[in-house]
Chemist: 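For reference, the structure I am asking about is given below.
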Amino acid sequence: MTKESSLADDLLEGAAEIAQFIFGTADERRRVYHLAHIGQIPCFRMGGVLIGRKSTLLAWISQREQDALAGHD
């Protein structure tokens with residue numbers, strides 16, 4: 001696998017894809033937009049499209065889980 005295909009495989013394009021990845025349903029896309037707007041989810045805009053990286057989101061979720069277990073909300 002080349003570096004380019006690795007990056008492409010890691011990217012989630014649009015709030016629906018991000019919602020599907022995190023919440024298991026694309027129906028939560030408005031929630032993703034809200035979390036992105038208030039800076040509570042690691043994503044960025046490329047043009048008008050919300051972009052997330054699977055690897056970054058997994059690391060973010062893992063860190064939040066560790067913080068919760070340690071009692072640091």
Side-chain angles (χ1 to χ4, degrees):
M1 190 176 327
T2 66
K3 232 180 200 181
E4 291 80 18
S5 65
S6 297
L7 178 60
D9 291 340
D10 193 36
L11 293 179
L12 297 164
E13 295 183 40
E17 280 190 25
I18 296 169
Q20 181 68 43
F21 182 73
I22 295 174
F23 303 113
T25 177
D27 292 341
E28 293 287 340
R29 66 186 170 278
R30 288 184 53 78
R31 188 172 175 190
V32 169
Y33 282 124
H34 175 71
L35 292 170
H37 179 73
I38 63 174
Q40 292 295 306
I41 192 170
C43 58
F44 60 96
R45 287 197 178 270
M46 188 178 298
V49 179
L50 201 57
I51 305 289
R53 289 183 65 151
K54 293 175 189 175
S55 58
T56 301
L57 289 164
L58 288 172
W60 172 75
I61 290 167
S62 180
Q63 184 60 55
R64 291 186 58 95
E65 180 180 44
Q66 292 302 315
D67 290 348
L69 292 172
H72 303 109
D73 294 328

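Side chains included, hydrogens not; waters and symmetry mates left out as well; all remaining heavy atoms used.
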Chemist: Do Glu13 and Ile51 make a side-chain contact, defined as non-hydrogen atoms from C-beta onward lying under 4.5 Å apart?
Modeler: yes
Chemist: Looking only at heavy atoms, which two atoms of Gly14 and Val49 are closest? And how far apart?
Modeler: N-CG1, 3.7 Å
Chemist: Can you tell me if CZ on Arg45 sees more than 12 non-hydrogen neighbours from other groups inside 6.0 Å?
Modeler: yes
Chemist: If Ile, Leu, Val, Met, Phe, Trp and Tyr residues are connected whenever their side-chain heavy atoms lie under 4.5 Å apart, and connections chain through other members, are Leu11 and Ile22 in the same group?
Modeler: no
Chemist: Arg64 side chain to Ile61 main-chain N or O, any donor-acceptor pair under 3.5 Å?
Modeler: no
Chemist: What are the two closest heavy atoms between Thr25 and Gln20, and how far apart are they?
Modeler: CA-OE1, 3.4 Å
Chemist: When rounded to the nearest 0.5 angstrom, what distance separates CD1 in Ile18 from CG in Leu35?
Modeler: 10.5 Å
Chemist: State, to 0.1 Å, how close Glu17 and Leu12 come at their nearest heavy-atom pair, and which atoms those are.
Modeler: OE1-CA, 3.5 Å
Chemist: Please report the interatomic distance CG(Leu7) to OG(Ser55), rounded to the nearest 0.5 Å.
Modeler: 9.0 Å
Chemist: Look up atom CZ in Phe44 and atom CZ in Arg53, then write down how far apart they are to the nearest 0.5 Å.
Modeler: 7.5 Å
Chemist: Provide the closest heavy-atom pair for Glu28 versus Ala19 in the form atom of the first, atom of the second, distance.
Modeler: C-CB, 3.6 Å
Chemist: Taking all atoms of both residues into account, what is the closest heavy-atom pair of Ile41 and Trp60, and its distance?
Modeler: CA-CZ2, 4.1 Å
Chemist: Can you see which heavy atom on Cys43 is nearest to which on Gly52, and at what distance?
Modeler: CB-CA, 4.3 Å
